[in-house]
Amino acid sequence: MQRFAALLDRLSFEPRRSAKLALMTDYFRSETDPARGLALAALTGGLSFRHAKPAMLRALVAERVDPHLFELSYDFVGDLSETIALIWPAAAGEETAAPDLPEVVERLQQAGRGEAPGMIAGWLDALDETGRWALLKLVTGGLRVGVSARLAKTAVAALGSLQPDDIEQVWHGLSPPYYGLFAWALGEGEQPQTDDPVPFRPAMLAHPLEARDMEVLDTADFAAEWKWDGIRVQAAVSAGRDGRLRRRLYSRTGDDISGAFPDLVETLDFDAALDGELLVVIDGKVQSFNALQQRLNRKTVPAKMMRELPAAIRAYDLLALGGEDLRERPFRERRAMLEEFLKQLDHPRIDLSPLVPSPDWAALTRAREAPADHHEGEDAAAIEGLMLKRWDAPYVSGRPKGQWYKWKRDPFRVDAVLMYAQRGHGKRSSYYSDYTFGVWREGEEGAELVPVGKAYFGFTDEELLEIDRFVRQNTINRFGPVREVRHEPQTGLVIEVAFEGLNRSTRHKSGVAMRFPRVARLRWDKPPAEADRIEALLALLPQDEATAIR
Amino acid sequence: MREASSSAGTTGGDVLTLTAEGLYCPAGGFHIDPVRPVERALVTHGHADHARPGNGAVMASRETLDIMAIRYGEDFTGTRQEAVPGEAIRIGDVSVSFHPAGHVLGSMQVKIETAKGTRVVVSGDYKRQADPTCAPFEPLACDVFVTEATFGLPVFRHPPVAEEIGKLLKSLSLFDGRTHLVGAYSLGKAQRVIAELRAAGYERTIYLHGALERLCSYYQAQGIDLGTLEPVGRRAKELAGEIVLCPPGQLADRWARRFGDPVTAVASGWVRVRARARQRGAELPLVISDHADWDDLRETVAETGAGEIWVTHGAEEALVHWCRQQGLAARPLNLIGYGDEGDAAEPAGNVEAADRAAGIGSTT
Ligand SMILES: [Zn+2]
Ligand SMILES: [Zn+2]
């Protein structure tokens with residue numbers, strides 16, 4: 001546990017990607033099995049402990065620390081695990097030996113609900129501040145040390161001569177503590193046989209199109225297609241050696257999200273891997289992102305939800321067919337095979353993402369600005385922009401240069417007033433970095449502010465400090481981690497918020513919900529009275545939005 | 001402000017009142033660590049939020065008077081009077097004495113005794129950990145104890161300094177090709193870090209940012225052994241593998257870029273909290289503080305035997321809460337101005353600004 005804690009501690013303070021990699025690779029090389037495999041599982045989000053929930057940890061610390069002192073400390077530190085790690089009082093009596101990582105993982109996974117609290121308390125007594133912090137991060141599953149699953153796998157690949165994507169290909173067939181993977185990476189064993197007929201194929205991603213690209217690129221070299229406002233997925237279906245059909249739906253980052261979409265996944269009867277956009281489609285019409293959002297991040301789905309918000313795939317690409325990997329072939333060939341494949345398949349919930357004619361940049365510019373005029377259906381509202389794909393490009397994982405471009409619609413902007421602020425997480429946990437903002441509407445007693453959204457990124461570190469200072473100096477109410485700040489016509493902070501679109505929402509008092517709102521600029525120069533009114537937002541709503549939701 | 005605005009009904013209130021300038025003793029006609037110029041000031045130590053220029057008269061320890069002259073020039077006050085530690089003198093209707101606070105060189109607590117025999121001690125900033133660069137804190141029995149509470153939250157328990165110095169030396173051996181840049185305040189912290197490095201057996205030359213030179217020389221002139229020190233001057237990459245000290249505000253400054261890819265260490269009690277350490281750009285946080293931690297604050301309050309505790313300077317609420325649980329009368333002073341201007345000799349960075357906004361003192 002101590003070596004793992006030291007690794008996490010170093011990682012959490014190390015900003016350099018290369019140094020993070022070096023630290024992890026060094027740890028994986030010098031640590032033994034099974035500890036290193038369990039560490040890898042922890043770093044890739046692959047460990048979870050049912051009984052170690054924040055509420056239980058709070059109860060443990062409540063037995064030992066005055067509740068008011070705890071709350072004051074938590075408010076200052078901002079992170080629950082860290083607060084507990086720092087405030088945990090020294091154990092009376094004899095010192096016990098600190099536990100090692102395999103002991104913690106093994107015992108806690110086998111522990112019953114009643115045993116877990118005593119076990120964790122005993123380890124907290126035996127560890128120092130850093131050890132306690134790492135233990136709590138581990139058991140609550142939120143390491144947040146600035147390491148993505150991808151980076152951890154890259155560190156394993158760097159043990160020998162593997163590429164990160166070599167590991168991605170076999171990853172979903174492996175499980176902790178990854179004995180075979182480490183042996184392979186170190187050149188001491190064969191590639192692990194995964195038996196997985198439906199692996200994740202790392203996604204190909206696009207660069208944003210910039211003005212200078214338009215000067216040098218020839219539209220004839222590219223296919224143009226709509227960029228749909230859903231989530232990018234990969235549907236992989238194939239029979240294993242036992243002849244049983246495996247179906248899997250992956251997110252863009254390789255997370256298996258099949259469980260959230262059984263209505264769709266169960267209908268996939270083919271032997272292929274599709275790249276496409278997951279959308280909610282009702283009577284042939286693509287619904288707003290808001291509708292899809294209700295279906296995301298679920299382990300189980302109520303039947304009613306599947307009925308009312310049916311999921312579908314709009315296909316972009318074909319990565320494998322009948323056991324053959326197509327990724328080396330140019331897009332032109334893959335596209336032709338995709339069209340033929342979908343025609344044969346004739347699946348009610350899978351259709352083809354149409355191409356947009358691209359004779360020149362002028363035509364593409366017009367299409368991007370007014371998709372409704374360039375697309376026959378009513379789906380224009382679900383179009384986020386255009387994708388440009390080089391006709392002769394193979395399907396390469398990652399973001400290869402010059403192959404794919406995304407050309408988004410310009411964001412919308414609105415001047416809103418900061419109303420509430422909440423402490424952030426991780427690096428920002430002791431700063432007020434989550435902002436609820438509102439616009440004016442006519443209330444019973446004249447103009448009032450109504451919240452229309454939340455933003456927690458888009459600002460610079462310096463702006464964060466400025467807003468944090470403003471929040472602390474202008475607090476008028478506190479609700480746990482949330483502070484209400486002054487928002488009067490002449491006193492308050494106006495934020496220019498950029499966002500990608502607007503939906504009607506029954507969950508928000510204002511009746512609207514923003515897509516990807518973020519802080520575009522701080523308008524210290526503008527008095528709140530001059531911020532926007534709700535009417536300006538309502539004008540952006542699609543006409544028949546109301547029908548889209550429940 | 002609610003309780004601070006009225007001083008009636010308490011023992012301490014008969015001796016000290018709160019004014020816009022800070023704590024005031026009407027019977028003696030003096031302020032203690034005033035935040036604005038006053039006629040007569042008693043100054044506990046040389047940090048810029050406690051010791052300010054422009055007063056009519058200043059009484060302080062010899063070292064504090066020297067430090068104020070170094071920082072503000074010889075004309076920092078109208079008249080000056082040296083306080084000899086432990087020696088009581090009469091000012092107006094009260095008797096006053098100065099006693100070591102263990103915070104930085106020359107730091108003192110101020111003890112006031114009235115004609116009726118009421119004893120009030122104003123701690124200034126203090127710590128209980130050993131410090132080779134200054135006299136240790138002297139516990140004083142009193143009726144009213146005015147204590148700082150910069151680290152007055154139970155999450156602050158400072159580790160042994162040797163452990164933190166060990167982290168720095170270990171990193172130095174691990175990354176022996178990188179300069180180790182240590183951010184430390186110019187008065188007290190810098191000299192303590194150097195002295196502790198020497199105590200750990202580190203004998204190489206330690207290099208200093210220009211802003212640290214004068215005070216380090218002063219410490220050496222007072223007989224404190226800091227080993228061989230040299231200004232960084234125009235040196236840059238040739239300091240690979242060496243220890244360089246600078247004010248914390250310089251870590252993110254252009255000045256620091258000359259060292260290429262240094263390991264950035266920050267010596268401060270605040271870096272115990274990760275978010276604060278990261279915000280300061282610490283890759284190697286060294287939890288070294290010149291203030292009392294939570295355990296030492298409580299122990300000291302108990303040790304004074306005072307029945308009435310006034311809490312100032314930082315996280316007042318938690319310590320007040322604890323005192324009341326112990327059956328002690330306690331009040332937060334909510335004094336404004338301490339930690340507010342930062343340390344005038346060193347540029348206050350954004351971090352200090354954020355801590356100030358959080359209502360927490362910004363000196364080390
Ligand atoms: Zn001080
Ligand atoms: Zn102070």
Side-chain angles (χ1 to χ4, degrees), chain A residues 6 9-10 12-16 18-19 26 61 64-79 81-90 128-130 133 144-146 423-433 461-462 464-475, chain B residues 149 151-160 163 167 170-171 174-175 178 252 261 263-266 270-287 293-295 298 314-322 324-326 349-360:
Chain A
D9 190 43
R10 290 293 308 273
S12 76
F13 287 115
E14 180 53 70
R16 300 167 188 78
S18 59
D26 176 61
V61 78
R64 289 161 176 80
V65 179
D66 175 90
H68 187 58
L69 292 178
F70 182 81
E71 284 311 316
L72 289 172
S73 297
Y74 184 25
D75 185 59
F76 181 80
V77 175
D79 178 280
S81 298
E82 188 182 345
T83 309
I84 296 175
L86 292 178
I87 210 170
W88 192 262
D128 65 6
E129 267 95 348
T130 306
W133 169 78
R144 288 204 185 99
V145 290
R423 273 196 322 259
H425 291 290
K427 182 180 174 182
R428 308 199 304 219
S429 60
S430 69
Y431 297 92
Y432 285 86
S433 63
D461 281 359
E462 260 159 45
L464 169 64
L465 291 174
E466 288 169 18
I467 307 175
D468 183 80
R469 195 176 318 139
F470 173 84
V471 169
R472 294 180 191 270
Q473 287 170 355
N474 290 277
T475 299
Chain B
F151 290 104
L153 281 173
V155 288
F156 290 110
R157 282 175 290 176
H158 307 324
E163 243 173 54
K167 274 203 261 176
K170 185 172 167 223
S171 176
L174 212 62
F175 300 104
R178 291 165 71 187
D261 187 25
V263 173
T264 306
V266 177
W270 297 114
V271 300
R272 181 53 110 179
V273 173
R274 281 161 194 279
R276 308 258 149 193
R278 277 186 213 111
Q279 195 64 43
R280 283 169 166 74
E283 293 153 21
L284 185 63
L286 304 174
V287 187
D293 68 5
W294 175 250
D295 291 344
R298 292 183 304 163
E316 306 177 356
E317 192 179 347
L319 192 60
V320 166
H321 174 81
W322 178 83
R324 289 183 181 154
Q325 281 183 328
Q326 311 307 307
N350 284 331
V351 176
E352 284 71 32
D355 287 338
R356 289 203 296 279
I360 287 147

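Naming convention: chains lettered A, B, ... in sequence-line order (proteins, then strands); numbering from 1 in each chain.
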Legend entry - B/Leu153 side chain reached by A/Leu86 side chain, heavy atoms, under 4.5 Å: no
Legend entry - Nearest atoms (heavy-atom pairs only) where A/Arg16 meets B/Asp261: NH2-OD1, 2.6 Å
Inset, instruction - Please identify each residue that fulfils side-chain hydrogen bond (donor to acceptor under 3.5 Å, both in side chains) with B/Gln326, with sequence neighbours left out. - result: none
Inset, instruction - Quick one: which of A/Arg10, A/Glu71, A/Glu14, A/Glu466 has the most heavy-atom pairs under 4.5 Å with chain B, could you say? - result: A/Arg10
Inset, instruction - Search all heavy atoms of A/Phe13 against all heavy atoms of B/Ala277 and return the closest pair with its distance. - result: CE2-CB, 3.5 Å
Legend entry - Closest heavy-atom pair and its distance - A/Leu69, B/Pro154: CB-CG, 4.0 Å
Inset, instruction - Could you tell me whether the side chain of A/Pro15 reaches within less than 4.5 Å of the side chain of B/Arg278, counting heavy atoms only? - result: no
Inset, instruction - Just jot down the side-chain hydrogen bond (donor to acceptor under 3.5 Å, both in side chains) partners of B/Glu316, sequence neighbours excluded, or say none. - result: none
Inset, instruction - Name the region of B/Pro285, side chain, backbone, both or neither, that has any atom closer than 4.5 Å to a heavy atom of chain A. - result: side chain
Legend entry - Expected output: side-chain A/Glu82 to main-chain B/Arg274 donor-acceptor under 3.5 Å: yes
Legend entry - Part of B/Ala282 lying under 4.5 Å from any heavy atom of chain A: backbone
Inset, instruction - First locate atom CZ of A/Phe76, then atom CZ of B/Arg276, and finally report the distance between them rounded to the nearest 0.5 Å. - result: 4.0 Å
Legend entry - Interatomic spacing from CD in B/Glu317 to NE2 in A/His68 - rounded to 0.5 Å: 4.0 Å
Inset, instruction - Quick one: which of A/Asp128, A/Asp66, A/Val471 has the most heavy-atom pairs under 4.5 Å with chain B, could you say? - result: A/Asp66
